[in-house]
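For reference, the structure discussed in these notes is given below.
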Amino acid sequence: MQRILITSALPYINGVKHLGNLVGSMLPSDAYARFMRLRGHEVMFICATDEHGTPAEIAAANAGEPVAEYCARLAKVQNELHDGFRLSFDHFGRSSSERNHRLTQHFAGALADEGYIYEVTEDQMWSETDGRFLPDRYIEGTCPNCGYDRARGDQCENCTKQLDPTDLIDPRSAISGSTEVFARETKHLYLKQSALRDEIRSWIGTKTDWPILVTSIARKWLDDGDGLRDRGITRDLDWGIAVKRGDADWPGMEGKVFYVWFDAPIEYIAATAEWADANGKSEADWRRWWRTDEGAEDVRYVQIMGKDNVPFHTLSFPATIMGSGEPWKLVDYLKGFNWLTYEGGKFSTSQGRGIFMDQALEILPPDYWRWWLLSNAPESADSDFTWEVFQGGVNKDLADVLGNFVSRVTKFCRSKFGEVVPEGGAPGEAEAALAVEVQARLDGYASAMEAVEMRKATAELRALWVAGNEYLQHAEPWAVFKTDPERAAMIVRTALNLAALYATVSRPFVPDACDTLAEAFGLAPDARWPESAEAALGALAAGHAFTVPENLFRKITDEEREEWAARFAGEAEG
RNA sequence: GGGCCCGUAGCUCAACUGGUUAGAGCAGUCCGCUCAUAACGGAUUGGUUGGGGGUUCAAGUCCCUCCGGGCCUACCA
């Protein structure tokens, strides 16, 4: 048994996430966590909301709510949606938790003690009307290059030229529209990442099994220009973690908070502490997952995230940990996902384009989404959601291949032998060949999951389901029954055992269907991965009672597909 | 501007460090079966691997170049 720590990138608090967000981190993490539990490993699966930063403050203001209430409300909404998608977090925390406040301040103090923090006095854009400093992106104005009048302070999206807010002609606040914006002096803490560059680079160098997407992004940042740059870790905001040096005040930093990207990864650790608090566990119980001097030396730590998160997980967060001088666990395997697009374009919150988690669950149960999204996960490149492909995949894989297999074997058994695993007959060559095939598929499925390769894993699992139909077709118990009922009983018994095997090993992808099947077959919902295919095919003994379950999956009709395509197309064309 | 990734059958994707006639699913066509959600099984059509050039005994795989798509570029998160 191994111990496996899994963290999914933290979804930002600002609103309901769309399917692209879901498939980029939380969903594959969940499938991976479920698989590892199935294999009998000890798993700690952690996620949390990422609550700080300017967008949260603005969203709260727009909603007319105090930011703390807004975040608490949205955290609850997100939690309910996670339940809806059957995400099996051991704990889903909040980056605004007391635990994270203390731990973030602790890390800052440790980094300062090690000499990796320094103060910088610099100019930031201040909006008099809004009464706040604004990130570059929240300053709009006319582009000095092309004359586009809605250029942002970081870049003109019309001519793509990089900008500095002070370059803009007639700058204004993107929030209030106020033109009373000007540069104003402020003081911030910087993390001396540059001093950790070599250490990070050699650490990355050992990660030869990471996806090329991940290591290439990391190397770019390490080697671009003058190399890894130092990074400001504080901001002039109200909502966030107060800048402190451990428990002590930080002179000159009053009223400031840590930068959201400094505290968010630390929440992975803090959320594990929150898990302990919520479950009556001790300090040692969570620290054994994170401190290599307190039991975490044999933990395998896997992080899963969208590619936008990669620099922070390969560089900033490791810099925080390495620089602290304390033995916290570093990531062992990092999986980055590309983007999911919607009908050839981007998901758009503002245009209502694409499918959001709440809407998805309104129209179909979670298994349908889990299966399609993971079997089409954007692993090697961006992938595209289209209703036609979605309908085809779900109907074929789930309804026809898996659902219909269960249906045909249970109903045939009921009509010929009753709702009980029939006795008689002995396995022969066909069953031996089936066991070989099943073993090969189980092995292929398992090694794909070990490597966090979702597409490959789902293809293997599907092939395992197909093997059931192939077997039944060739064994043809409906014909055999007429001349040799004993042999037909053995075939049906074998097929019922296949269905029971599916109920166990399909759980990472279609947990609800597995629950239905497990109940119909009277199996434990936490059944483990089988010892061998041969053992699995004989697990249900003759005489074991079962019930014929309702059809596991229904098909998506053409009418539904058309209706949904129209509904989620968004307000603008294209 | 700089960097990275991708471009393989109608569609979605495979093909370990270059190595037999480039594979699979879906769709299409034909045949079979009738237990089942008109489901299942078998067979089969289909690609000069974006264009061009080069290295090599051998290239989808390496190099150059062009075309097309995407991402990142550090104060959105």
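Since this is a predicted model, take the numbers as computed values, not measurements. Chain letters run A, B, ... following the sequence lines, proteins first and then strands; every chain starts at 1.
Side-chain proximity of A:L228 to the nucleotides B:C33, B:A77, B:A74 is greatest for B:A74. The listed nucleotides are B:G2, B:A74, B:U37; the one nearest the side chain of A:S407 is B:U37. The side chain of A:Y138 sits closest to B:C76 out of B:C71, B:U12, B:C76. Side chain of A:K307, nearest nucleotide from B:U34, B:G70, B:A77: B:G70. Across B:A77, B:C13, B:G2, the shortest atom-to-atom separation from the side chain of A:Y259 is found for B:A77.
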**Prompt:** Could you go step by step and tell me if A:E51 and A:S96 meet the side chain to side chain donor-acceptor pair (under 3.5 Å) rule?
**Reply:** CA-CA 6 Å; A:E51 302 192 1; A:S96 60; 2.7 Å; yes
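The residue A:G53 sits close only to the backbone: its heavy atoms come under 4.0 Å of sugar-phosphate atoms, none of a base. Using a 4.0 Å heavy-atom criterion, one finds that A:T54 contacts the sugar-phosphate atoms exclusively. Among the protein residues, A:R462 comes within range of the sugar-phosphate backbone only, with heavy atoms under 4.0 Å from sugar or phosphate atoms but none that close to a base. Nucleic acid contact for A:G468: none, since no nucleic acid atom lies under 4.0 Å from a heavy atom of the residue. Using a 4.0 Å heavy-atom cutoff across all strands shown, A:F133 reaches no nucleic acid atom at all. Here A:L10 lies out of heavy-atom contact (under 4.0 Å) with every strand. In this structure, A:N309 reaches neither bases nor backbone, as no heavy-atom distance under 4.0 Å exists between it and the strands shown. When heavy atoms are screened at a 4.0 angstrom cut-off, A:S383 is found touching the sugar-phosphate backbone but no base atom.
Stacking between A:F412 and B:C35 is absent: the ring centroid is not both under 5.5 Å from the six-membered base ring centre and under 30° in plane angle.
In this structure, CG of A:L191 is placed 13 Å from C1' of B:A74, rounded to the nearest angstrom. In this structure, A:D154 atom CG and B:A77 atom P are separated by 11 Å, rounded to whole Å. Atom CG in A:L222 sits roughly 14 Å away from atom C1' in B:C72 (whole-Å rounding). The distance between atom CG of A:N338 and atom P of B:C13, rounded to the nearest whole Å, is 11 Å. Note: CD (A:Q391) to P (B:C11) measures 19 Å, nearest angstrom. Atom CG of A:N395 and atom P of B:C11 are 21 Å apart (whole Å). In this structure, A:D397 atom CG and B:C13 atom P are separated by 15 Å, rounded to whole Å. Separating the CD atom of A:E388 from the P atom of B:G10 is a distance of 16 Å, rounded to the nearest angstrom.
On the C1' atoms, B:C64 is 23 Å away from B:G70, given to the nearest whole Å. Between B:A58 and B:G19, the distance separating the two P atoms is 14 Å to the nearest Å. Atom name P, nucleotides B:C63 and B:C6: the rounded distance is 11 Å, in whole Å. Here, B:A38 and B:G23 have their C1' atoms 30 Å apart, quoted to the whole Å. Across the P atoms, B:A22 and B:G47 are found 12 Å apart, a figure rounded to whole Å. B:G50 and B:C67 have their C1' atoms separated by 7 Å, with the value rounded to a whole Å. Taking atom C1' in both B:G25 and B:U44, one finds a spacing of 16 Å when rounded to whole Å. With P as the reference atom, B:C71 and B:A9 are 23 Å apart, rounded to whole Å.
In summary, the side chains of A:W465 and A:S506 do present a donor paired with an acceptor at a separation below 3.5 Å, with no hydrogens or angles considered.
A close approach under 4.0 Å does not occur between any side-chain nitrogen or oxygen of A:R455 and OP1 or OP2 of B:G25. Note on A:K411: a side-chain N or O is less than 4.0 Å away from OP1 or OP2 of B:U37.
Taking 4.5 Å as the limit, some side-chain heavy atom of A:F92 sits within range of a side-chain heavy atom of A:Q78.
Within 6.0 Å of CD on A:E388 lie no more than 12 heavy atoms contributed by other residues, nucleotides or ligands.
Side chain A:W261 to base B:A77: a donor-acceptor pair is found below 3.5 Å.
Stacking of A:K192 on the aromatic ring of A:Y190 is not recorded, the 6.0 Å distance cut-off and the 45° axial limit not both being met. Cation-pi contact between A:R370 and A:F509: absent, since separation from the ring centre below 6.0 Å together with deviation from the ring axis within 45° is not met.
Using a 4.0 Å cut-off between a side-chain N of Lys or Arg and a carboxylate O of Asp or Glu, A:K335 and A:E453 do not qualify as a salt bridge. One finds a salt bridge joining A:E560 and A:R554 here, because a Lys/Arg side-chain nitrogen approaches an Asp/Glu carboxylate oxygen to under 4.0 Å.
Note: A:W369 and A:F390 have parallel aromatic rings, judged against thresholds of 30 and 60 degrees for the angle between ring planes.
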**Prompt:** Given Watson-Crick or G-U pairs with both distances under 3.5 Å, what dot-bracket string fits RNA chain B, with | for other-strand pairs and [ ] for crossing?
**Reply:** (((((((..((((.....[...)))).(((((.......))))).....(((((..]....))))))))))))....
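A:A467 pairs by the side chain to side chain contact (heavy atoms under 4.5 Å, CB included) definition with A:E437, not counting sequence neighbours.
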Nucleotide N/O to protein N/O under 3.5 Å, stretch nucleotides 39-42 of chain B:
from  : atom 1 : to     : atom 2 : distance (Å)
B:A39 : OP1    : A:K555 : NZ     : 3.3
B:A39 : O5'    : A:K555 : NZ     : 3.1
B:A39 : O2'    : A:N404 : OD1    : 3.3
B:A39 : O2'    : A:N404 : ND2    : 2.2
B:C40 : OP1    : A:K396 : NZ     : 2.9
B:C40 : OP2    : A:K396 : NZ     : 3.4
B:C40 : O2'    : A:R408 : NH1    : 2.9
B:C40 : O2'    : A:Q473 : OE1    : 3.1
B:C40 : O2     : A:Q473 : OE1    : 3.1
B:C40 : O2     : A:Q473 : NE2    : 3.3
B:G41 : O2'    : A:H474 : NE2    : 3.3
B:G42 : OP1    : A:E470 : OE2    : 3.3

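Side-chain N or O atoms of A:E267 include one that pairs as donor or acceptor with a backbone N or O of A:R94 at under 3.5 Å. Looking only at distances, a side-chain donor or acceptor of A:D230 sits under 3.5 Å from a matching main-chain atom of A:S194.
Nearest-nucleotide positions on RNA chain B place A:G227 closer to the 5' end than the other of A:G227 and A:L237.
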